[in-house]
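Presented below is the structure to which this report refers.
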Amino acid sequence: MEKTFCFTLQKEEYLEYLVYEISRSGKMRGSRWFLLTSVPALLVTGVLVLKIRHMLFITSVLALAVLWVLYGAKAVWGNYLRRKAERYYWPKLNIREFAQIRCHFGENKITVEEPGGKRNISYSGIRLLAPLKHIFAFYYPEGTLLLPYRVFEQEEEIKAFLTWILPRMEKK
């Protein structure tokens with residue numbers, strides 16, 4: 001199942017990749033844990049310091065802490081990373097436009113043609129395939145190949161593509 005895709009990356013797709021990269025960095029790990037634990041710690045500390053003994057209030061505070069951990073922190077963290085990518089990293093990259101890329105997924109390698117030239121990526125060289133919300137990120141030693149989901153017409157095509165490519169990546 002050899003497949004060729006021609007596409008031009010969009011800003012939103014690249015920002016999604018930037019957010020993923022920022023979230024993977026070691027510097028951000030401590031910030032994420034602080035955000036995740038700070039609100040529940042403040043709530044529990046408030047109950048203890050104020051010596052509140054009313055069970056309905058204590059239960060409500062604990063429920064708020066659990067909701068924060070499950071939903072609130074994730075939403076705040078996502079918004080924080082998105083703003084950081086848009087306001088700090090995007091201007092530094094100075095990207096004016098994206099070029100059209102042609103990717104051919106052959107039997108033994110991926111051939112990428114772009115205005116800067118042509119490069120070949122062996123399947124065994126791919127270290128990580130990260131399925132993000134709107135793109136696949138293929139990490140290999142010389143860089144990263146981003147493949148948007150929109151190049152596939154249906155979800156079944158994505159599943160067929162993955163079942164075809166994953167065994168090739170495992171052959172090392």
Side-chain angles (χ1 to χ4, degrees), residues 1-36 69-172:
M1 172 192 165
E2 293 193 15
K3 197 83 171 159
T4 302
F5 302 104
C6 290
F7 61 91
T8 303
L9 210 57
Q10 297 173 350
K11 180 181 178 181
E12 289 301 313
E13 293 162 342
Y14 196 76
L15 280 172
E16 179 182 346
Y17 167 70
L18 281 177
V19 166
Y20 179 70
E21 282 296 307
I22 294 167
S23 69
R24 284 181 48 182
S25 75
K27 276 169 92 174
M28 299 307 283
R29 193 166 294 128
S31 301
R32 182 168 186 249
W33 277 106
F34 174 76
L35 179 71
L36 187 65
V69 169
L70 294 177
Y71 302 108
K74 184 178 179 181
V76 170
W77 182 248
N79 288 335
Y80 169 72
L81 292 178
R82 175 82 180 178
R83 277 194 323 274
K84 189 172 185 81
E86 285 179 338
R87 293 183 183 161
Y88 183 72
Y89 291 103
W90 184 259
K92 284 186 173 186
L93 292 172
N94 198 23
I95 298 173
R96 291 186 195 93
E97 64 181 357
F98 291 99
Q100 185 174 22
I101 297 174
R102 182 178 180 271
C103 296
H104 176 73
F105 289 81
E107 245 349 275
N108 302 318
K109 65 184 177 189
I110 304 170
T111 305
V112 180
E113 295 177 29
E114 51 193 354
K118 187 177 185 178
R119 60 189 154 142
N120 294 315
I121 305 165
S122 70
Y123 290 114
S124 62
I126 297 174
R127 301 287 177 244
L128 173 68
L129 168 60
L132 304 179
K133 190 174 180 182
H134 297 103
I135 58 174
F136 288 117
F138 293 88
Y139 289 87
Y140 59 99
E142 294 82 32
T144 306
L145 172 65
L146 302 177
L147 181 67
Y149 296 157
R150 62 184 160 81
V151 299
F152 300 97
E153 291 186 23
Q154 298 175 343
E155 192 173 323
E156 290 79 27
E157 268 189 73
I158 295 175
K159 290 177 184 175
F161 175 74
L162 287 174
T163 56
W164 180 79
I165 200 168
L166 289 176
R168 282 165 177 68
M169 290 171 50
E170 291 173 359
K171 293 179 187 175
K172 293 189 178 186

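Throughout, numbering of the chain's residues begins at 1 and tracks the sequence. Keep in mind that what you see is a predicted model, and the values were worked out from it rather than measured.
- Cation-pi contact between Arg24 and Tyr139: present, with separation from the ring centre below 6.0 Å and deviation from the ring axis of at most 45°.
- We find the OG-CZ distance between Ser23 and Arg29 to be 9.5 Å, quoted to the nearest 0.5 Å.
- Taking 4.5 Å as the limit, every side-chain heavy atom of Ile101 sits out of range of all side-chain heavy atoms of Leu9.
- Heavy atoms only, all atoms of each residue included: Met169 and Phe138 are closest at SD-CE2, 4.5 Å.
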Side-chain donor-acceptor distances from residues 146-164 under 3.5 Å, at least two apart:
residue : atom : partner : partner atom : Å
Tyr149  : OH   : Leu132  : N            : 3.4
Tyr149  : OH   : Leu132  : O            : 2.6
Tyr149  : OH   : Ile135  : O            : 3.3
Arg150  : NE   : Glu13   : OE2          : 2.6
Arg150  : NH2  : Thr8    : O            : 2.5
Arg150  : NH2  : Glu13   : OE1          : 2.9
Glu157  : OE1  : Lys3    : NZ           : 3.4
Glu157  : OE2  : Glu153  : N            : 3.2
Thr163  : OG1  : Lys159  : O            : 3.2
Thr163  : OG1  : Ala160  : O            : 2.9

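- For the atom pair CD1 of Ile126 and OG1 of Thr144, the computed distance is 11.0 Å after rounding to the nearest 0.5 Å.
- Going from atom OH of Tyr14 over to atom CD of Glu21 covers 8.5 Å, rounded to the nearest 0.5 Å.
- In this pair, Phe5 and Phe105 present their aromatic rings perpendicular. The plane angle is above 60°, beyond the 30 to 60° band.
- Interatomic distance, Phe34 CZ to Met28 CE, rounded to the nearest 0.5 Å: 13.0 Å.
- Shortest non-hydrogen contact noted between Gly125 and Pro141 is O-CD, 3.1 Å.
- Here Gln100 contributes atom CD and Glu97 contributes atom CD; the two are 11.5 Å apart, rounded to the nearest 0.5 Å.
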What donor-acceptor contacts under 3.5 angstrom involve side-chain atoms of residues 89-96, with partners at least two apart or in another chain?
residue : atom : partner : partner atom : Å
Lys92   : NZ   : Tyr88   : OH           : 2.5

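- Heavy-atom contacts from other residues, nucleotides or ligands closer than 6.0 Å to CZ of Arg32 number 12 or fewer.
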**OP:** Using the side-chain contact (heavy atoms from CB on, under 4.5 Å) rule, take Cys103 and Phe7 through it: C-alpha gap first, then chi angles, then the decisive distance, then the call.
**Re:** CA-CA 9 Å; Cys103 296; Phe7 61 91; 3.9 Å; yes

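- To the nearest 0.5 Å, atom OG of residue Ser31 and atom CH2 of residue Trp77 are 5.0 Å apart.
- The two residues Tyr20 and Ala130 make their nearest non-hydrogen contact at OH-CB, 3.7 Å.
- Of the listed residues (Thr4, Asn120, Thr111), just one forms a side chain to side chain donor-acceptor pair (under 3.5 Å) with His104, and that residue is Thr4.
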Show every donor-acceptor pair shorter than 3.5 Å between a side-chain atom in residues 79-86 and any protein atom, with sequence neighbours excluded, or say none if there are none.
residue : atom : partner : partner atom : Å
Asn79   : ND2  : Ala75   : O            : 3.4
Arg82   : NE   : Glu86   : OE2          : 3.2
Arg82   : NH1  : Glu12   : OE1          : 3.4
Arg82   : NH2  : Glu12   : OE1          : 2.4
Arg82   : NH2  : Glu12   : OE2          : 3.1
Arg82   : NH2  : Glu86   : OE2          : 3.2

